[in-house]
Protein chains: 2
Amino acid sequence: MTKELPHHHGNLREALIHAGLQLLAEGGPSALTLRRAAARAGVSHAAPAHHFDGLTGLLTAIAARAYQAFSSQMIRHREAAEPTDVARLVGVCQGYLAFAKEDSGLFHLLFVSSDVAREDAALMQASGLAYQVLRDACLPFSPLGQPDPEIEIAVWSMVHGYALLGLNLPDSPKRMIVQIPEFEVLLKRIIANPVETPLALDRDIS
Amino acid sequence: MTKELPHHHGNLREALIHAGLQLLAEGGPSALTLRRAAARAGVSHAAPAHHFDGLTGLLTAIAARAYQAFSSQMIRHREAAEPTDVARLVGVCQGYLAFAKEDSGLFHLLFVSSDVAREDAALMQASGLAYQVLRDACLPFSPLGQPDPEIEIAVWSMVHGYALLGLNLPDSPKRMIVQIPEFEVLLKRIIANPVETPLALDRDIS
DNA sequence: GGTCTTTACTTGACAGCGTCAAGATACCGG
DNA sequence: CCGGTATCTTGACGCTGTCAAGTAAAGACC
């Protein structure tokens with residue numbers, strides 16, 4: 001039987017997260033407010049306070065949920081790729097970019113919004129899992145056979161910057177004379193390059 | 001003689017931009033509101049409407065101003081660098097990162113805030129000039145001797161992503177087991193790599 | 001020099017926002 | 001059955017951006 005919402009809504013916390021995701025998908029970051037989420041969940045404007053620590057709490061919970069979708073998107077693209085190391089890493093990055101483009105509201109929440117409590121435990125765990133997908137995809141390109149932060153951060157920075165520049169400057173193709181290269185081409189510059197470059201910097205590799 | 005502010009403030013537009021920059025530097029993005037900027041400029045809360053198209057207009061004008069400081073920061077670091085092509089590009093990127101770190105409020109406005117009218121003519125001109133600094137620094141690494149969007153976008157994406165990840169995840173050094181490599185090391189991966197890589201996607205590197 | 005128009009600013013109001021305090025309601029363990 | 005507690009409602013507060021109407025000053029024109 002369908003749940004007749006009791007006046008004790010029953011599962012408000014989940015309903016609010018769901019409503020928030022919906023609002024975010026429909027109208028972007030500015031469309032998600034506490035009061036609107038409450039209204040959509042069918043409760044009064046002050047009800048969310050009993051389940052989340054203010055707006056920040058709701059946004060944080062939604063972000064943790066969004067990280068799962070983010071990870072899934074990367075994994076889905078990886079699984080759909082050819083079974084080579086390069087294709088898998090390219091796939092993960094394409095998942096990254098696809099999520100940024102298709103779920104830009106969530107992507108904004110994950111990496112941009114200043115109203116998210118980034119020290120939240122659940123959020124950090126979820127983001128760690130997402131980062132792990134990228135790490136795993138980078139592993140085959142580590143010269144030492146173990147995780148190499150240099151490649152990981154290089155790839156992560158580049159895909160992240162590529163996503164945000166394309167996201168925040170949607171007219172950049174017009175503004176720039178040149179055509180924007182595909183990400184795969186840029187990625188090759190990182191992974192194809194052996195680490196032997198004689199870097200003149202006095203850095204200790206300990 | 002000191003200007004006795006006439007009831008016709010005289011130069012309110014400039015005063016509002018100045019007040020906005022001040023608020024942004026003091027309390028971050030959330031501290032900058034139309035009413036506060038108006039109060040600090042010594043006018044009533046509705047006065048800004050005659051000089052800017054709402055809050056978006058003020059933020060856009062401030063962003064255009066901030067792009068000049070951003071360009072200056074990159075140029076300053078470039079001039080302070082050794083007179084080699086590599087050092088100059090590294091310098092420009094360090095200027096990029098220094099601006100993101102030291103003037104994070106402005107950086108947020110330039111690349112993150114959704115309340116900026118990015119199609120604004122003055123803003124696009126200012127951002128174009130900033131991008132040109134990066135382009136120029138990349139030019140020596142173009143194999144054909146003319147601007148190469150592949151290198152430009154690769155460098156821009158990576159420095160941008162590096163800045164934003166470090167900016168939005170201030171605790172990432174703790175969260176990650178590994179230490180974050182210096183940006184210069186990552187940069188070398190892009191510029192040291194000749195473009196000759198056969199970019200057949202279905203190639204495994206093994 | 002005295003109007004008259006135009007620009008610059010003020011005042012007041014409105015809806016929407018997050019948040020707090022107090023009261024009502026439904027569940028739940030004894 | 002009953003009291004306690006978690007849950008939700010109602011109402012209010014100060015803040016935000018924005019609009020409408022009124023006022024004051026500056027400049028133009030004769």
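Proteins get letters first, then strands, A, B, ... in listed order; numbering begins at 1 in each. Because only heavy atoms are used, hydrogens play no part in the values below, and waters and symmetry mates are left out as well, while side chains stay in.
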Taking atom NE2 of B/His51 as the centre, report whether more than 12 heavy atoms of other residues, nucleotides or ligands fall under 6.0 Å from it. yes
Grab the CG-C1' distance between B/Leu55 and C/dC17 for me, whole Å please. 14 Å
Could you state the atom-to-atom distance from CG of B/Asn11 to P of D/dA25 in whole Å? 19 Å
Distance, rounded to the nearest Å, where A/Arg36 contributes CZ and C/dG18 contributes C1': 13 Å
Counting any heavy atom closer than 4.0 Å, what does B/His51 reach on the DNA or RNA strands: base, sugar-phosphate only, or nothing? sugar-phosphate
Please check if any side-chain donor atom of A/His77 sits under 3.5 Å from a side-chain acceptor atom of A/Tyr96, or the reverse. no
Minimum heavy-atom separation for B/Cys93 and B/Val155, please, with both atom names. SG-CG1, 3.9 Å
Find out whether B/Leu24 and B/His108 are in side-chain contact, i.e. whether some heavy atom of one side chain is under 4.5 Å from a heavy atom of the other. no
Can you find a side chain N or O atom of A/Ser44 that sits less than 4.0 Å from OP1 or OP2 on D/dC8? no
Here the distance between atom P of D/dC19 and atom NE2 of B/His50, to the nearest Å, is 11 Å
In whole angstroms, the gap separating P of D/dC15 from CG of B/Leu32 amounts to 17 Å
Between atom NE2 in A/His45 and atom P in D/dG14, what is the gap in whole Å? 16 Å
To the nearest Å, how far apart are B/Leu12 CG and C/dT10 P? 8 Å
Among D/dG17, D/dT16, D/dG11, the nucleotide that comes nearest once only the side chain of A/Ala46 is considered: D/dG11
Tell me if the side-chain of A/Arg35 makes a donor-acceptor pair with the base of C/dG16, cut-off 3.5 Å, by modelled atom types. no
Charged N to carboxylate O below 4.0 Å: is that the case for A/Arg36 and A/Glu26? no
So which one's nearest nucleotide on DNA chain C is more toward 5', A/Ala49 or A/Thr33? A/Thr33
Expressed as a whole number of angstroms, how long is the span from B/Glu14:CD to C/dA8:C1'? 17 Å
Over all strands shown, is B/Arg13 touching base, sugar-phosphate only, or nothing at heavy-atom distances under 4.0 angstrom? nothing
